[in-house]
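In what follows, a single structure is set out as structure tokens and then discussed.
Quick note on labels: first sequence line is chain A, next is B, and so on, each numbered from 1.
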Amino acid sequence: MDSHAIATTAGEVHAEAHAHPAYLRHHFETVEQQREAASFGMWLFLLTEFMFFGGMFMAYLIYRNWYHAAFVAGSNTLNIWMGTANTAILICSSLTMAMAVYSAEMRRKKSLVVYLILTITLGLTFLGIKAAEYKEKFDLHHVPGANFSIESFVHPTSPRAIALAPDMAEKTQVYFSLYFAMTGMHALHMIIGIGILLVLVYRASQGAYTEGHTSTVENFGLYWHFVDVIWTFLFPLLYLISRYR
Amino acid sequence: MSEHINHGNLGNHGNMDMEHQEHHIVGPKVYLAVFFVLLTCTALMTAVAFINLGILSPIIILALACLEACLVVLFSMHIYYSSKLLKLTVVAGVFVFLILITMTLSDYISRAWGLW
């Protein structure tokens, strides 16, 4: 039982003064103040996440400047269409998540559950495509480490690719390290998000978020949109901007 | 656009001051509009990647990405409808991030000043 919530045991004097919704905690004056505090806390968390990803964006910016030819060559081995499809899928999942928040606010339990399940499905589709892309990297020996091969960069088979000198070809490992670190951390955030979504679906099916207390769904929505925003920058930086450099 | 409902406030708390604004419920129309603009931006980004525009192509592509991010933060994440406290929080976070980038880059370009 929630020890902070004002329950029916709150006392007669209190009950006479004003009727609270059960989810209003005693240290808040109003439901709105409580909602504002929850959003504020969520945004502070998202800003720390922003700084975390920001460090990797910064590393990408400087290393791309240093080993430009290697970054262009590495980037051109990615499949732009898989990246574009994944971007579109994430935008769809953002819409279904936003509609889930709307459903919770409108107190529609069934559509809340449906939209949350749709969000999970789209998230899993994204991860499936990502896994296929990762597998291709393993097959081509493009994963940094002992099995990395510079062969395809020193002697490229694609007519568009420019052959790199062996020392610059080694630096494609820096590109792929950042590729795996950034998309990997993004994917980890999505896996955690899907885990939380599963709990939300279970709780929502019991009517937890459609009785007026929507903060949990709203703040999870913020998290999900944030992960979408990160991908909005990963996609152009890793896939698109090096195609004609 | 957005429905304006004093939501969840079952009891009557009387005078609502500035800190306790009423909650905006953003409706499907806004979400759908953002959705279509985001898809269009993504299509444009991918299209621009296939055109050789030299130095302009990363600029155009990243500008589109920034536009997408702004739309998501403002409308999907409700900052457009939020209190000044939340607006300031987001702007402060982005601003600090820009300071960190600027200071790192100014260090980076001045290490070998005149030698490049």
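A search for side chain to side chain donor-acceptor pair (under 3.5 Å) contacts involving A:Thr96 returns A:Thr119, not counting sequence neighbours. Applying the side chain to side chain donor-acceptor pair (under 3.5 Å) test to A:Tyr239 and every residue at least two apart in sequence or in another chain returns A:Lys130, A:Glu133.
Within a 6.0 Å radius of CZ in A:Phe52, more than 12 heavy atoms belonging to other residues, nucleotides or ligands are found.
Within the 4.5 Å cutoff, no side-chain heavy atoms of A:Leu47 are placed close to those of B:Val90. Side-chain contact between B:Ile101 and A:Phe57 is absent, with no heavy-atom pair separated by less than 4.5 Å.
If you measure heavy-atom distances from A:Ile91 to chain B, the contacts under 4.5 Å come from both the backbone and the side chain. Using a 4.5 Å cut-off between heavy atoms, B:Val94 contacts chain A through both its backbone and its side chain. For a residue to count as touching a neighbouring chain, one of its non-hydrogen atoms must lie under 4.5 Å from one of that chain's; by this rule A:Ser94 does not touch chain B. With a threshold of 4.5 angstrom between heavy atoms, B:Leu32 approaches chain A through its backbone and through its side chain. Within the 4.5 angstrom heavy-atom criterion, atoms from both the backbone and the side chain of B:Phe97 approach chain A. Contacts between B:Cys66 and chain A at a heavy-atom distance below 4.5 Å involve backbone atoms as well as side-chain atoms.
Contact between B:Ala69 and A:Phe233 at its shortest, heavy atoms only, is CB-CE1, 3.6 Å. The minimum heavy-atom distance linking B:Ala49 with A:Arg243 is given by the pair O-CD, 3.4 Å. The two residues A:Glu36 and B:Leu86 come nearest to each other via the heavy atoms OE2-CG, 4.3 Å. Scanning all heavy atoms of the two residues, the minimum distance from B:Ile25 to A:Glu105 falls at CG2-OE1, 3.3 Å. Heavy-atom minimum distance, A:Met51 versus B:Val96: CE-CG1, 3.9 Å. Here the closest heavy-atom approach between residue A:Leu237 and residue B:Leu62 is recorded as CD2-CD2, 3.9 Å.
The residue among A:Val101, A:Thr87, A:Ile62 with the most heavy atom pairs within less than 4.5 Å of chain B is A:Ile62. Between chain A and the options B:Ile59, B:Leu100, B:Ile51, the largest number of non-hydrogen pairs under 4.5 Å is found for B:Ile51. Most heavy-atom pairs under 4.5 Å with chain B: of the set A:Gly55, A:Gly221, A:Cys92, A:Gly83, this distinction falls to A:Cys92. Each of B:Val48, B:Ile60, B:Thr89, B:Val73 has some count of heavy-atom pairs under 4.5 Å with chain A, and the biggest count is that of B:Thr89.
Considering CE of B:Met45 and CZ of A:Phe235, their distance stands at 5.5 Å, rounded to 0.5 Å. Atom CD of residue A:Gln33 and atom OG of residue B:Ser83 lie 11.5 Å apart, to the nearest 0.5 angstrom. Taking CH2 from A:Trp43 and NZ from B:Lys87, the interatomic distance works out to 12.0 Å, rounded to the nearest 0.5 Å. With values rounded to the nearest 0.5 angstrom, A:Leu95 atom CG is found 9.5 Å from B:Leu38 atom CG. In this structure, B:Tyr31 OH and A:Met97 CE are separated by 9.5 Å, a value rounded to the nearest 0.5 Å. Separating the CZ atom in A:Phe40 from the CG atom in B:Leu88 is a distance of 9.0 Å, to the nearest 0.5 Å.
Judged as a salt bridge (charged side-chain N to carboxylate O under 4.0 Å, His left out), the pairs with a partner in residues 93-112 of chain B (not counting sequence neighbours) are, in order, B:Asp107-B:Arg111.
Within residues 223-230 of chain A, the residues having any heavy atom less than 4.5 Å from a heavy atom of chain B are, in residue-number order, A:His225, A:Phe226, A:Asp228, A:Val229.
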B:Leu105 vs A:Met58, side chain to side chain contact (heavy atoms under 4.5 Å, CB included): CA-CA, chis, key distance, verdict:
CA-CA 9 Å; B:Leu105 283 183; A:Met58 190 73 230; 3.6 Å; yes

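By the 30° and 60° cut-offs, the orientation of the rings of A:Trp81 relative to B:Phe50 is parallel.
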